[in-house]
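Everything on this sheet refers to the single structure shown next.
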Amino acid sequence: GEKAAGKKKPAEKKPAEQKPGQKEAGEKKKKIRRYHASRNPVLARGIGRYSRSAMYARKALYKRKYTAPETKIEKKKKEGPRATIIKPVGGDKNGGSRVVKIRKMPRYYPTEDVPRKLLSHGKKPFCQHKRRLRASITPGTVLILLTGRHRGKRVVFLKQLDTGLLLVTGPLVINRVPLRRAHQKFVIATSTKVDISGVKIPKHLTDGYFKKKKLRKPKHQEGEIFDTEKEKYELTEQRKTDQKAVDSQILARIKKVPQLRGYLRSTFSLTNGVYPHKLVF
Amino acid sequence: VFKRFVEIGRVAFIAFGPHAGKLVAIVDVIDQNRALVDGPCSGVRRQAMPFKCMQLTDFVLKFPHSARQKCVRLAWEKENINEKWAATRWAKKIEARKKKAKMTDFDRYKVMKAKKMRNRIIKHEMTKLQKMASKKGKKPEKPEKSKPEKAQKSEKVPKAQKAQK
């Protein structure tokens, strides 16, 4: 009975009013609004009895004006990402600052669109490559360096770094090879192993530590650039301390094995009648 | 001219083939090229084997031709061929060759150092003796020269053997 037409009931006795009135309001809040049937009777298909404006009045749309979308507009107006930034500018009579766009328009539109690239899979960047290590190379193995200024020298392997290069040390007092990186491919792994089980290698010895540094401040146009940049390698104190820290631990273990020190001091070479494919390393 | 003959009971060393390096006894001759051969104590089954792959040793066993494996084994063990073979220079040379091939880089270094030391000692003694000889004259020195050399050599040989291991 209450749900049939309109909203409000005709007046009733007071106590009775209050209860059903409250009930109705409460009920309507909880219940889903039931929609009224079409107030525009159909005359023929597609043609209604009342005009647009008449329907506006009949549906009481003058009462139903919603303002919900405004909040979004307010939000957009409030929060938007910064589009410009004010940067200070030097020079006299320049008006100390400029308004600079953060996201700039493209400076070049190609005449032809770049064609879509074909799908490929498994092409990973270098940082995601799988690093492998030969089974014959384990921490403490004596390696023979084959290339570089220390070619032929026998050297102790410490660990493999993140890029896959091997961290290696002479030790310095034995054969003047410092803490250095070596490439796995250019190294012969011998079967001689030093026990490096308890040796702690400082964690800051990474690829970044060993990477060659390049100073590039192209303020000068030409001419003097090639002289000022680092051609000479300079020993830093940090390298010395790291070398000592690692070598002191390793030297103790090398001394335990007879003749190992002399072995590390010597260099490897081939002579007549010596064939590497026949040698057991 | 020929000292080792193919005969029943001759112990032969197999030079190549699947049984390379093992000792066998010739049990019977099949034809011009093949022999019936058996190596009960060296892991070679009784089989025909061409003469070409056999190299005759100095050892001969006593058993009749076509004797069965048990007899060959008895004769082999009676003569103690395995021990006698290991004592021959031939077998020792083979052993040394194997060890040399197995040497690791570190071993080669140790051998090099041992050889160097040994040669130094020998040279040292030689020069000493030469000086003595040049001073005193030629007569009494010759037999004495060889003795200290041999003494030094015997010292260094066990070291070299250790290094070879």
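Residue numbers begin at 1 in each chain, while the letters A, B, ... track the order of the sequences.
- Interatomic distance, OG of A/Ser266 versus NZ of B/Lys113, reported as 7.5 Å (0.5 Å rounding).
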Check the pair A/Phe281 / B/Thr104 against side chain to side chain contact (heavy atoms under 4.5 Å, CB included), numbers first and verdict last. CA-CA 5 Å; A/Phe281 281 101; B/Thr104 74; over 6 Å; no
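- A 6.0 Å sphere centred on CG of B/Asp31 holds more than 12 heavy atoms belonging to other residues, nucleotides or ligands.
- Within a 6.0 Å sphere centred on CZ of B/Arg46, heavy atoms belonging to other residues, nucleotides or ligands number more than 12.
- Contact count versus chain B (heavy atoms, under 4.5 Å) is highest, among A/Leu260, A/Ile144, A/Val142, for A/Leu260.
- In this structure, chain A has a heavy atom under 4.5 Å from the side chain of B/Tyr109, while its backbone stays farther away.
- Here NZ of B/Lys110 is found 9.5 Å from OH of A/Tyr263. Values are rounded to the nearest 0.5 Å.
- Residues passing the side-chain hydrogen bond (donor to acceptor under 3.5 Å, both in side chains) test with A/Arg98 are A/Asn94, sequence neighbours excluded.
- By the neighbour-count criterion of 12 heavy atoms within 6.0 Å, atom CZ of A/Arg176 is sparsely surrounded, having that number or fewer from other residues, nucleotides or ligands.
- Sparse packing is recorded around CD of A/Glu112, with 12 or fewer heavy atoms of other residues, nucleotides or ligands lying under 6.0 Å away.
- Shown here is A/Arg265, whose CZ atom has no more than 12 heavy atoms of other residues, nucleotides or ligands within 6.0 Å.
- The local environment of CD in B/Glu83 is sparse, with at most 12 non-hydrogen atoms from other residues, nucleotides or ligands closer than 6.0 Å.
- Within residues 182-194 of chain A, the residues having any heavy atom less than 4.5 Å from a heavy atom of chain B are, in residue-number order, A/Thr190, A/Ser191, A/Thr192.
- For chain B, the nearby part of A/Val257 is the side chain; its heavy atoms alone come within less than 4.5 Å.
- In this structure, A/Leu279 and B/Met103 have side chains that are not in contact, with every pair of non-hydrogen atoms separated by 4.5 Å or more.
- Between A/Val280 and B/Lys102, the shortest heavy-atom distance links the atoms CG1-O, 3.9 Å.
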